[in-house]
Amino acid sequence: MENHKFSPESLMMSHGYKPELSEGAIKCPIFQTSTFVFKTAEEGKAFFEIAYGIREKDPTEELGLIYSRINNPNLEILENRLCLWDKADDCAVFESGMSAISTVLLEFLKPGDLLVYSNPVYGGTDHFINHFLPSIGVSVLGIQPNQSADEVMAMIEKSGKAASLAMIYMETPANPTNDLIDIQSFADLAKHYSTSERKVLTAVDNTYMGPLWQHPLEHGADLVLYSATKYIGGHSDLIAGAVLGNQEVMNRVKVLRTFLGNMVSPNTAWMLMRSLETLKVRMDKQTLGAQEVAAYLDNHPKIESVNYLGLLKEGSIQYDIYKKQCSAPGAMITLNVKGGEHEAFQFLNNLKLVKLAVSLGGTESLAQHPDTMTHAGVDKEQKKLMNITSKMVRLSVGVEDAKDLIWDLSQALDKVTVEEKEFSHS
Ligand SMILES: *Cc1c(COP(=O)(O)O)cnc(C)c1O
């Protein structure tokens, strides 16, 4: 019994926190402080030697607290807890998902490098990859979700930049279409292009599934990224991000974070710790509700199609990827209303319980129109290739009673008047 290993959900209330260091408080206080008092000058010197990599840490030595841009108890405990879900060596928390993503891309991509990335990706990521990275001399090569690793290898060869491939970046399931990418096959492709001097890294944005239902590190990824604004925060009341990986890559991520200064605040870290206590119950409830909602929408006469992982058909490539790397279908549903923007807007404007807002993963259900909202900035031709259409609505299912959600969706769909263009004689 002594070796019993607790599940992450059982450790979210206590892991990494010592009440005796905080007057016995059961909950970790907010360490709302910019700096920490050293006991002696010698101690301050030793802490800086470790923090700045001037010497290696002794096996028994712990990096002491210095200054809240470098480390803070709220951040450290939160990071330790997040490591449990993904079985990562280390984690760094950021002030937003975008700061986590941009810090990783800036640290591991240098002028002349090639980045291969999956489409579609979150709108902000798409902008950073297509508008910022090229401005610092990084070449980018976008791939479509149905392309196999072999096809992508052919594209890399054709680009003439195979020798400068530095990273493969994936978002799976992809926002907003729910397309899946086979993490392992792209991690293998990265290995194929790695040399003894230069490892090609794979990074996965796991915001839609993680940290519960998909663990990219187990499938060969080097870095896992999150918008912690979404499921991890889970209450639509904060903005944050996280990166996880092995010690070597995380040391680099943390050093750049120290100098960009884009770590999360102690207050937000504290809110995230509170959120982590209910992460499993929230996400379990959300995926159960989403399965009921998706089944309802799938049979609705005013809906053309529903993209939901729980509705993937056995025998398809997407289904095989799903079985291989996801443990639940999640709570993100993309539906295509019959008609176009007009009909999609009628549907959105008539929702009562579900709120019309971007973002996802929170306790309340949210719906939005990717084409004109989250993905408004994505190139039009690209959007066509990725099937982001004017009739598409993205729905994030919250923790409400699924019966109430279905009632709401049903009454809003009743108000959609599908224009019968095909039948008009004029
Ligand atoms: C929201 C989101 C982001 C960006 O995160 P922020 O916390 O808003 O900066 C990145 N990736 C995905 C998949 C997202 O949904």
Side-chain angles (χ1 to χ4, degrees), residues 78 82 86 91-106 115 117-133 142 145 169-181 183 203-214 216 221 223-244 253 257 260 262-265 268-269 271-272 275 283 286 290 307 309 326 330-334 357-362 364-370 373-378 386 388 392-398:
L78 169 63
L82 281 170
D86 279 305
C91 169
V93 284
F94 287 85
E95 63 188 349
S96 69
M98 275 317 300
S99 64
I101 293 165
S102 54
T103 301
V104 162
L105 295 175
L106 286 172
L115 169 73
Y117 74 100
S118 68
N119 274 303
V121 283
Y122 175 74
T125 310
D126 186 273
H127 183 94
F128 193 82
I129 289 176
N130 286 297
H131 298 279
F132 181 77
L133 288 180
Y169 181 97
M170 291 167 264
E171 187 177 302
T172 181
N175 182 358
T177 55
N178 273 340
D179 285 303
L180 296 174
I181 315 275
I183 298 170
V204 178
D205 182 334
N206 199 31
T207 299
Y208 260 42
M209 282 280 123
L212 248 70
W213 302 314
Q214 178 173 272
L223 292 147
V224 188
L225 302 100
Y226 290 104
S227 167
T229 311
K230 314 297 167 56
Y231 289 100
I232 295 173
H235 295 73
S236 308
D237 55 6
L238 60 85
I239 299 276
V243 180
L244 297 103
V253 170
R257 184 186 67 173
L260 292 178
N262 53 358
M263 68 293 152
V264 87
S265 72
T268 301
M271 289 173 75
L272 285 164
S275 291
M283 290 184 79
Q286 284 171 274
N307 304 350
L309 300 188
C326 308
M332 293 301 298
I333 300 173
T334 299
V358 299
S359 199
L360 58 102
E364 63 280 277
S365 294
L366 300 177
Q368 64 108 6
H369 188 249
M373 297 172 191
T374 49
H375 291 69
V378 178
M386 301 171 204
I388 301 175
M392 177 180 275
V393 169
R394 188 188 75 185
L395 177 63
S396 167
V397 177

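Keep in mind that the numbers below use all heavy atoms, side chains included, and drop hydrogens, waters and symmetry copies. Counting starts at 1 for both ligands and their atoms, in listed order.
The line from CG of L105 to CG of L133 is 5.5 Å long, rounded to the nearest 0.5 Å. For the atom pair CG (L212) and CE (M283), the distance works out to 5.0 Å, reported to the nearest 0.5 Å.
With 3.5 Å as the limit, one finds a donor-acceptor pair spanning the side chains of S236 and E364. A donor-acceptor contact under 3.5 angstrom links the side chains of S99 and S96, judged on distance only. If you check the side chains of N307 and T177, you find no donor sitting under 3.5 Å from an acceptor. For the 3.5 Å distance criterion, the side chains of Y226 and N206 qualify, holding a donor opposite an acceptor. Side-chain atoms of Q368 and T374 form a donor-acceptor pair, as typed in the model, at a separation below 3.5 Å.
Close approach of ligand 1 to E171 (heavy-atom distance below 4.0 Å) involves ligand atoms 13 (C). When each atom of ligand 1 is checked for a heavy atom of S96 under 4.0 Å away, the hits are 7 (O), 9 (O). Near A240, with a cut-off below 4.0 Å to any heavy atom, the atoms of ligand 1 are 7 (O). For ligand 1, the atoms lying closer than 4.0 Å to a non-hydrogen atom of L360 are 15 (O).
Counting heavy atoms from C-beta on, the side chains of M170 and Y117 never come closer than 4.5 Å.
The protein heavy atom nearest to atom 4 (C) of ligand 1 is Y122 CE2, 3.3 Å. Looking only at heavy atoms of the protein, atom 7 (O) of ligand 1 is closest to T229 OG1, 2.6 Å. The nearest protein atom to atom 9 (O) of ligand 1, hydrogens excluded, is given as M98 N, 2.8 Å; this is a heavy-atom distance. Looking only at protein heavy atoms, the nearest one to atom 15 (O) of ligand 1 is K230 NZ, 2.7 Å. If you check which protein heavy atom lies closest to atom 6 (P) of ligand 1, you get G97 N, 3.4 Å.
Applying the side chain to side chain contact (heavy atoms under 4.5 Å, CB included) test between I232 and each of S275, S227, P211 identifies P211 as the sole match.
Neither the backbone nor the side chain of V121 has any atom closer than 4.0 Å to an atom of ligand 1 (non-hydrogen atoms only).
The distance criterion of under 3.5 Å between nitrogen or oxygen atoms is not met by S99 with respect to ligand 1. In terms of polar-atom proximity, Y208 is not counted as a contact of ligand 1, lacking any N or O under 3.5 Å from an N or O of the ligand. Between D205 and ligand 1, an N or O atom pair is found at a separation short of 3.5 Å.
In plain terms, the two heavy atoms of A221 and V204 that are nearest each other are CB-CG2, 3.8 Å.
Distances shorter than 4.0 angstrom occur between a heavy atom of I101 and an atom of ligand 1. Under a 4.0 Å heavy-atom criterion, S359 is not in contact with ligand 1.
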